[in-house]
Amino acid sequence: MNIAVLGSGFIARFYADSLQAQRTKDSLISVYSRNIDKAKKFAEDYKLSFFSNDMDEVCSRADVDAVVISLPNNLHEAAVAACAKAKKHVLCTKPLGRNAAEAKRMLDMVEEAGIMGGYLEDLCYTPKFMKSLKAVKDGNIGKVLWAKSREAHPGPHSDWFWDHEQSGGGAMVDLGCHCVEIARNYIGKQIRPVEVMCWAATQVHPIQAEDSGIGLVKYANGAIGQFEVSWCFRGGMDLRDEVMGTEGTIWLNNFLRTGFEMFSTGKGGYVAEKAESSSGWLFPVGDEVHELGYTNMFTDMFNAIENKTEPLETFYDGYVVNAILDACYASAASGKWEPVQISDWRGDQTNDYGSNFASYDDDHYLIKKEILPSGEHKLILKHKVTGEVTARDV
């Protein structure tokens with residue numbers, strides 16, 4: 001498969017590194033950048049046959065099969081329009097849009113053009129996440145009740161992230177989009193997000209948007225998704241997930257403390273994304289593009305194109321994420337629970353998912369079973385009719 005990339009900055013280079021690392025039968029052949037000098041440099045670095053500062057020219061080339069968008073958020077819609085016009089499969093970096101309205105227009109474009117729209121949500125493809133998600137789907141931890149995701153670091157690299165108009169927001173749209181989609185996967189994408197409660201603030205940086213945020217997303221089955229995001233965290237990039245189910249718990253530490261530590265006097269170079277220092281005790285990452293999910297992500301995307309199936313993360317997912325984030329911004333402004341507005345919901349229509357209560361026998365619910373320090377086994381039971389709570393030794 002021949003691939004064109006739109007953009008020549010930080011994330012474009014991460015994408016290029018992963019595209020040239022795992023699926024060798026795919027070829028990155030061309031690049032677009034608004035700055036022709038940067039396009040030329042990118043093409044030289046990755047040995048590409050074509051570069052241009054004309055987006056339509058790159059997208060419409062006959063030798064291009066798919067286009068990867070790695071542009072600022074405010075340029076995503078125009079880039080998707082160019083791909084739809086050229087009938088080229090399109091993979092777009094997160095967030096899909098600055099808001100749900102933009103994301104819905106992009107979703108409609110790809111569906112009307114009959115092309116695949118892949119949502120490049122890399123943190124839903126990390127090796128740890130994919131293995132933990134399989135464990136959840138296999139029933140290892142029972143029904144998911146609560147899924148929490150945290151991403152915090154000292155702030156993004158490029159200037160446009162800090163501009164509210166270009167980015168569409170601050171830390172919530174930049175980092176919260178990851179966290180929201182991680183929780184959706186654990187809880188179940190077919191379960192409708194109903195409403196959100198969110199706090200956001202500008203704690204440190206002189207910007208219009210928020211640099212910190214915490215949110216709760218309530219789902220129709222009673223589960224809660226929680227995110228914590230910040231551009232104020234010092235010490236690197238902190239990526240952690242927690243999942244609590246009726247039968248078990250999962251904890252993930254994806255990046256900051258992964259078992260690889262190194263001390264340096266500072267004579268080396270790049271350590272890891274968002275690392276704030278090159279001296280002292282450092283936390284490198286063994287294979288950064290793989291650990292952050294990029295290689296698995298592109299493998300899934302291109303396999304989906306070849307097999308004419310949907311990838312694990314689609315433009316529809318990107319639209320739902322944007323709709324949840326819209327409600328988060330509304331809640332941060334109102335201080336109230338705000339509804340999630342999804343005009344094209346494609347998941348479960350039911351709001352009746354039954355009870356989580358476990359029965360002990362025909363007459364009793366089981367509240368708890370435990371072994372005491374004495375070695376005795378004890379049950380805490382509740383009568384289904386009278387509501388009486390009793391203890392029983394077994």
Side-chain angles (χ1 to χ4, degrees), residues 11 92-96 103 118-138 140-141 143-153 169 171-194 196-198 212-219 221 223-230 233 237-245 248-258 273-274 285 290-297 300-301 311-328 340 347:
I11 193 63
C92 184
T93 192
K94 63 80 197 174
L96 183 56
Y119 181 48
L120 297 181
E121 178 42 83
D122 58 287
L123 295 187
C124 290
Y125 288 94
T126 70
K128 289 178 182 178
F129 175 81
M130 294 186 77
K131 190 163 187 176
S132 67
L133 184 61
K134 183 179 185 304
V136 170
K137 290 184 175 181
D138 287 347
N140 289 27
I141 67 168
K143 178 183 175 181
V144 173
L145 304 173
W146 174 74
K148 173 185 172 184
S149 184
R150 168 184 170 85
E151 181 169 0
H153 57 59
M172 289 203 300
V173 75
D174 177 35
L175 310 181
C177 61
H178 287 303
C179 301
V180 164
E181 187 63 355
I182 286 168
R184 279 190 72 226
N185 272 274
Y186 283 131
I187 292 169
K189 289 185 183 180
Q190 77 280 6
I191 309 299
R192 184 167 189 150
V194 178
V196 304
M197 170 63 79
C198 185
S212 297
I214 299 172
L216 298 174
V217 184
K218 186 185 297 182
Y219 286 79
N221 67 345
I224 289 288
Q226 179 179 342
F227 66 80
E228 300 173 3
V229 296
S230 181
F233 177 79
M237 182 159 68
D238 185 15
L239 302 176
R240 283 180 282 166
D241 303 327
E242 300 177 35
V243 193
M244 181 179 72
T249 305
I250 293 172
W251 293 342
L252 298 183
N253 190 330
N254 290 297
F255 205 79
L256 186 62
R257 302 298 292 270
T258 60
E273 184 182 350
K274 304 299 190 300
V285 180
H290 186 60
E291 291 302 315
L292 286 172
Y294 296 116
T295 46
N296 287 335
M297 177 176 70
D300 175 54
M301 294 289 168
L312 297 176
E313 294 291 325
T314 68
F315 269 31
Y316 182 75
D317 292 312
Y319 161 62
V320 174
V321 169
N322 270 126
I324 293 171
L325 290 173
D326 281 359
C328 289
V340 179

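Predicted, not measured: the structure shown is a model, and the values here were computed from it. For the single chain, residues carry numbers from 1 onward in sequence order.
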Problem set entry | Where G118 and P311 come nearest, the two heavy atoms and their spacing | CA-CG, 4.3 Å
Exercise. To the nearest 0.5 Å, what is the distance between OG1 (T126) and CG (N254)?
Worked result: 4.5 Å
Seminar exercise, completed: All heavy atoms of V340 vs all of P193, minimum pair found to be CB-O, 3.6 Å
For this session: Indicate the atoms forming the closest heavy-atom contact of C198 with F227, along with that distance.
Result: SG-CZ, 4.0 Å
For this session: With rounding to the nearest 0.5 Å, note down the distance linking CE in M301 to OH in Y119.
Result: 10.0 Å
Exercise. Side chains of D122 and H178: closer than 4.5 Å at any heavy-atom pair?
Worked result: yes
Problem set entry | Any side-chain heavy-atom pair of V243 and S132 under 4.5 Å | no
For this session: Could you tell me which non-hydrogen atom of S149 sits nearest to which non-hydrogen atom of D241, and how far apart they are?
Result: OG-OD1, 2.8 Å
Problem set entry | Main-chain N/O of G293 paired to N296 side chain as donor or acceptor, under 3.5 Å | no
Problem set entry | Approximate separation, where rounding is to 0.5 Å, of E313 CD and L120 CG | 10.0 Å
Exercise. Distance from R150 atom CZ to N253 atom CG, nearest 0.5 Å?
Worked result: 10.5 Å
Problem set entry | Straight-line distance of L239 CG to K128 NZ, nearest 0.5 Å | 10.0 Å
Exercise. M237 versus L292: any side-chain heavy-atom pair under 4.5 Å?
Worked result: yes
Seminar exercise, completed: Heavy atoms of Y186 and V136 approach each other most closely as O-CG1, 3.7 Å
Exercise. I224 versus K218: any side-chain heavy-atom pair under 4.5 Å?
Worked result: yes
Exercise. Would you say V229 and C179 make side-chain contact, with heavy atoms under 4.5 Å?
Worked result: yes
Problem set entry | Option from I11, D174, L123, V173 for which side-chain contact (heavy atoms from CB on, under 4.5 Å) with K94 holds | D174
Exercise. With a 4.5 Å limit on heavy-atom distance, are the side chains of S212 and F233 in contact?
Worked result: no
Exercise. Roughly how far, to the nearest 0.5 Å, is the CG atom of L312 from the SG atom of C124?
Worked result: 9.0 Å
For this session: State whether the side chain of N322 and the backbone N or O of A103 hold a donor-acceptor pair below 3.5 Å, judged by distance alone.
Result: no
For this session: Could you give me the CA-CA distance, side-chain angles and deciding distance for V217 and R184, then say whether side-chain contact (heavy atoms from CB on, under 4.5 Å) is met?
Result: CA-CA 10 Å; V217 184; R184 279 190 72 226; over 6 Å; no
Exercise. Between N221 (side chain) and A223 (backbone), is there a donor-acceptor pair under 3.5 Å?
Worked result: yes
For this session: Might you point out which heavy atoms bring C328 and V196 nearest each other, and give the distance in Å?
Result: N-CG2, 3.5 Å
Problem set entry | Side chain to side chain, R240 and W251, heavy atoms closer than 4.5 Å | no
For this session: Taking the side chain as every heavy atom from C-beta outward, state whether P95 and V321 have any pair of such atoms under 4.5 Å apart.
Result: no
